[in-house]
*Asks:* 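Before I ask anything, let me first share the structure, which is written out below as structure tokens.
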Amino acid sequence: MEEERKEVKLMGRNMSKMPCFRETFLYSVSSGLAAGFLHFMLTSRIQRSANLAVATYGCVTLGYWFYCRYNYSVQKFNIGQLEAAMQKQALYEGTEMEKQIKRDA
Amino acid sequence: MATWTYLGFQDSASPLMEQLIFFHDHIMVVLIMIITFVGYMMASILTNSFINRYMLEHQTIELIWTALPAVILVFIALPSLRLLYLLDEVNNPSVTLKTVGHQWYWSYEYSDFLDAEFDSYMTPTNELESSGFRLLDVDNRTVLPMNTQIRVVITAADVIHSWTVPALGVKADAIPGRLNQSSFMMSRPGLFYGQCSEICGANHSFMPIVVESVNTNSFLNWISSYSD
């Protein structure tokens with residue numbers, strides 16, 4: 001049984017349903033905290049550690065978001081092409097068109 | 001459809017609306033980042049008790065906070081322009097629907113098919129079934145086939161109205177003496193609700209739109225029975 005994700009709403013939009021949103025902020029918040037904590041443990045400089053934590057959070061958010069959304073759109077495009085091809089295959093099965101497509105391929 | 005206090009987008013029923021929602025999500029993340037960064041800077045400044053007596057014409061920071069917003073805007077503008085041109089793409093619609101706005105109802109014409117035409121009035125609340133949606137249900141729904149490109153030509157007979165179906169990402173003004181064209185494709189079956197979106201008189205809020213998306217066979221059966 002799939003576990004239901006808790007709804008997180010911002011301005012009426014359910015954030016948990018946005019593709020890549022949950023993973024992006026999981027990775028960015030955790031990497032920001034880790035980077036800030038590690039820097040503090042090494043240097044004991046509070047403000048610089050906090051600045052590093054926020055900067056890491058920002059960079060990871062933007063970086064992972066663009067990467068994840070790009071992959072998502074490529075996957076979506078491929079799925080759409082696959083669906084169209086499957087529909088065409090069902091349509092042309094057993095006809096001359098199918099033989100011609102196989103010859104061309 | 002939207003219930004009361006509904007703030008966000010309705011679930012998309014067309015590929016274009018899906019892309020609009022994706023663009024909105026993209027902008028939302030960029031905005032969250034900007035607000036986080038600005039909020040952090042404000043908190044940092046408020047908790048800082050140091051004063052820099054020699055801070056004058058710091059060229060590096062000026063360069064950064066001029067160039068960075070420009071870069072952010074580029075990352076917003078590129079998907080925006082892509083979507084803008086995507087919405088205007090020319091495709092080959094199979095079905096044409098003519099929509100005419102009146103005070104205070106919509107009339108529809110299917111000229112491709114034996115000139116089927118009908119009026120669509122809101123179902124009054126006192127005649128509504130217990131399962132009906134108040135101020136949204138109509139007597140005659142606009143039945144259209146799914147997974148088919150549809151062209152809708154919109155005009156009005158009296159004052160300016162606006163034909164809107166949020167789930168499909170369609171909104172176009174109905175202007176007397178002018179034909180506005182919009183195009184969409186419904187990717188799933190169902191009922192999609194909209195309301196007139198341009199003030200047009202006393203009953204402006206009481207002329208809804210209901211699009212019923214069905215498979216091609218059901219649509220053909222419906223249109224042939226309607227033409228009869």
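Convention: sequence-line order gives letters A, B, ...; per-chain numbering from 1. Since we're looking at a predicted model, the values are computed, not measured.
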*Asks:* Counting heavy atoms not belonging to B/Asn92, are there more than 12 under 6.0 Å from its CG?
*Replies:* no
*Asks:* Check for a donor-acceptor pair, side chain of B/Tyr40 on one end and backbone N or O of A/Asn51 on the other, with a separation under 3.5 Å.
*Replies:* yes
*Asks:* Side chains of A/Trp65 and B/Met33, heavy atoms from C-beta outward: is any pair under 4.5 Å?
*Replies:* no
*Asks:* Within a 6.0 Å radius of atom CZ on A/Arg48, are there more than 12 heavy atoms belonging to other residues, nucleotides or ligands?
*Replies:* no
*Asks:* Tell me, yes or no, whether the heavy-atom count around B/Glu62 atom CD, taken from other residues, nucleotides or ligands under 6.0 Å, exceeds 12.
*Replies:* yes
*Asks:* Go through the steps for B/Ile32 and A/Phe21 under the test side-chain contact (heavy atoms from CB on, under 4.5 Å), then give the verdict.
*Replies:* CA-CA 12 Å; B/Ile32 288 172; A/Phe21 183 86; 4.3 Å; yes
*Asks:* Using a 4.5 Å cut-off on heavy atoms from C-beta on, say whether the side chain of B/Phe22 contacts that of A/Pro19.
*Replies:* yes
*Asks:* So which part of A/Ala50 gets closer than 4.5 Å to some heavy atom of chain B, the side chain, the backbone, both or neither?
*Replies:* both
*Asks:* Under 6.0 Å from the CZ atom of B/Phe37, do we count more than 12 heavy atoms belonging to anything else shown?
*Replies:* no
*Asks:* How about CD1 on A/Ile46, more than 12 heavy atoms from neighbouring residues, nucleotides or ligands closer than 6.0 Å, or not?
*Replies:* no
*Asks:* Name the region of B/Gln10, side chain, backbone, both or neither, that has any atom closer than 4.5 Å to a heavy atom of chain A.
*Replies:* neither
*Asks:* Considering only heavy atoms from C-beta outward, does the side chain of B/Val29 approach that of A/Arg69 to under 4.5 Å?
*Replies:* no
*Asks:* Could you check if a side-chain atom of B/His24 sits within less than 4.5 angstrom of a side-chain atom of A/Met18, using non-hydrogen atoms only?
*Replies:* no
